[in-house]
Amino acid sequence: MKCPFCAGEDSQVLESRTVEEGNAIRRRRECGKCGKRFTTFEKVRDTVLWVIKKSGRREPFEREKVKRGVLRAIEKRPVSLELVDEVVDEVEREMLRKGTEEVPSKLIGNAVLKRLKKIDKVAWLRFASVYMEFEDVKDFEKAIDKA
């Protein structure tokens, strides 16, 4: 495992514990080169999830891409990074439970919106404005009225 700080390849596991209801292992590591500590997660991947974009193009599901979108929506909002990770985990699990290898991007966006709406309405509106491609103030008003 490469150290994210110095790229050293010698690290020692200090602590391991199961997380996500036993579906993953969290390992606390220490770099043998620079001495800094970092955390890694191991998950079992039984299927590769593909996202079908609006254009019909297929691309692999990237949880980091979902996380970036949520992080943009919660910027300067009182939402913890742990909660963001939970949202991304829940969305990924929901998509995997569908039992298909391909999911429309619309399902992913709706799953994120559903969770953000419960957490922070401003973040929900920010995400919705990008995801639903709002063009003007009327689009915001319609979304707020539906909320």
Side-chain angles (χ1 to χ4, degrees), residues 1-7 11 13-31 34 36-147:
M1 182 64 57
K2 281 190 178 182
C3 172
F5 303 104
C6 72
S11 67
V13 175
L14 304 174
E15 171 192 359
S16 292
R17 76 170 69 149
T18 59
V19 292
E20 295 180 19
E21 301 168 8
N23 294 322
I25 297 175
R26 175 187 175 274
R27 297 195 193 279
R28 192 73 181 137
R29 298 176 177 270
E30 183 174 57
C31 177
C34 70
K36 292 193 177 181
R37 293 181 177 188
F38 59 98
T39 302
T40 60
F41 291 91
E42 295 178 22
K43 287 185 171 187
V44 173
R45 269 295 161 155
D46 44 5
T47 59
V48 175
L49 195 57
W50 289 89
V51 178
I52 309 300
K53 307 297 275 183
K54 286 183 208 174
S55 66
R57 191 175 42 109
R58 292 177 47 195
E59 65 180 48
F61 176 83
E62 294 179 45
R63 55 178 288 114
E64 285 304 311
K65 192 172 181 180
V66 175
K67 186 175 181 176
R68 280 193 307 270
V70 174
L71 286 172
R72 266 187 247 118
I74 65 140
E75 193 171 323
K76 297 183 181 178
R77 300 296 304 157
V79 178
S80 72
L81 293 177
E82 288 176 353
L83 196 51
V84 170
D85 286 331
E86 283 178 34
V87 166
V88 175
D89 288 343
E90 288 173 9
V91 168
E92 183 178 25
R93 279 195 300 271
E94 181 180 332
M95 296 305 116
L96 288 170
R97 278 194 303 266
K98 300 272 182 217
T100 64
E101 291 183 0
E102 297 179 342
V103 293
S105 59
K106 186 173 186 166
L107 279 180
I108 296 168
N110 287 338
V112 171
L113 281 172
K114 181 174 75 175
R115 286 161 177 84
L116 280 178
K117 194 171 190 178
K118 293 176 187 174
I119 295 168
D120 188 285
K121 298 275 193 210
V122 172
W124 167 80
L125 190 59
R126 287 177 178 172
F127 190 89
S129 71
V130 173
Y131 168 66
M132 294 191 230
E133 299 174 342
F134 288 4
E135 302 262 333
D136 57 30
V137 175
K138 289 180 183 175
D139 292 334
F140 282 91
E141 290 171 346
K142 287 177 193 173
I144 291 169
D145 289 341
K146 286 181 183 178

Q. side-chain contact (heavy atoms from CB on, under 4.5 Å) with K106: which residues, sequence neighbours excluded?
A. N110, Y131

Q | side-chain contact (heavy atoms from CB on, under 4.5 Å) partners for F41, two or more places apart | A | V19, R26, T39

Q: Quick one: list whatever passes salt bridge (charged side-chain N to carboxylate O under 4.0 Å, His left out) with R126, sequence neighbours left out.
A: none

Q: Could you go through the side-chain contact (heavy atoms from CB on, under 4.5 Å) check for F61 and I108 one step at a time?
A: CA-CA 10 Å; F61 176 83; I108 296 168; 3.8 Å; yes

**Q.** Sequence-distant partners of R97, side chain to side chain donor-acceptor pair (under 3.5 Å), two or more places apart
**A.** none

**Q.** From CG (L49) to OG1 (T100), nearest 0.5 Å
**A.** 7.0 Å

Q. Which heavy atom of F5 sits nearest a heavy atom of C34, and at what distance?
A. CB-SG, 4.3 Å

Q | CD on E82 to CG on D89, rounded to 0.5 Å | A | 11.5 Å

Anything under 3.5 Å between a donor and an acceptor, one on a side chain of residues 64-75, the other on a protein residue two or more places apart or in another chain? List them.
unit_1, atom_1, unit_2, atom_2, d
K65, NZ, E59, OE2, 2.8
K67, NZ, D85, OD1, 2.8

Q.
Return the NZ to SG distance between K36 and C6, rounded to the nearest 0.5 Å.
A. 8.5 Å

Q: Name all residues meeting the side-chain contact (heavy atoms from CB on, under 4.5 Å) criterion together with R58; count only those two or more places apart in sequence or in a different chain, and write none if there are none.
A: W50, I52, E102

Q) Any side-chain heavy atom of V91 sitting closer than 4.5 Å to one from R63? A) no

Q: Quick one: which residue pairs count as a salt bridge (charged side-chain N to carboxylate O under 4.0 Å, His left out) with a foot in residues 129-141, not counting sequence neighbours?
A: K54-E133

**Q.** Nearest-0.5 Å distance, CZ of residue F140 to OG of residue S129
**A.** 4.0 Å

Q) Where is the tightest heavy-atom contact between A143 and L125, given as atom of each residue plus distance? A) CB-CD1, 4.1 Å

Q | With D120 via salt bridge (charged side-chain N to carboxylate O under 4.0 Å, His left out) - residues at least two apart | A | R77

Q) If you look at every heavy atom in K43 and A24, which pair is closest and at what distance? A) CG-CB, 3.7 Å

Q: Looking only at non-hydrogen atoms, find the nearest pair between F38 and S11 and report the distance.
A: CZ-CB, 4.0 Å

Q.
M132: which residues meet the side-chain contact (heavy atoms from CB on, under 4.5 Å) condition with it, sequence neighbours left out?
A. L113, A128, F134

Q: Would you please name every residue forming a salt bridge (charged side-chain N to carboxylate O under 4.0 Å, His left out) with E42, sequence neighbours left out?
A: R27

**Q.** Residue list, side chain to side chain donor-acceptor pair (under 3.5 Å) with T40, at least two apart or on another chain
**A.** R29

Q.
Test of understanding: with salt bridge (charged side-chain N to carboxylate O under 4.0 Å, His left out), list the residues that count as partners of K114, not counting sequence neighbours.
A. E94

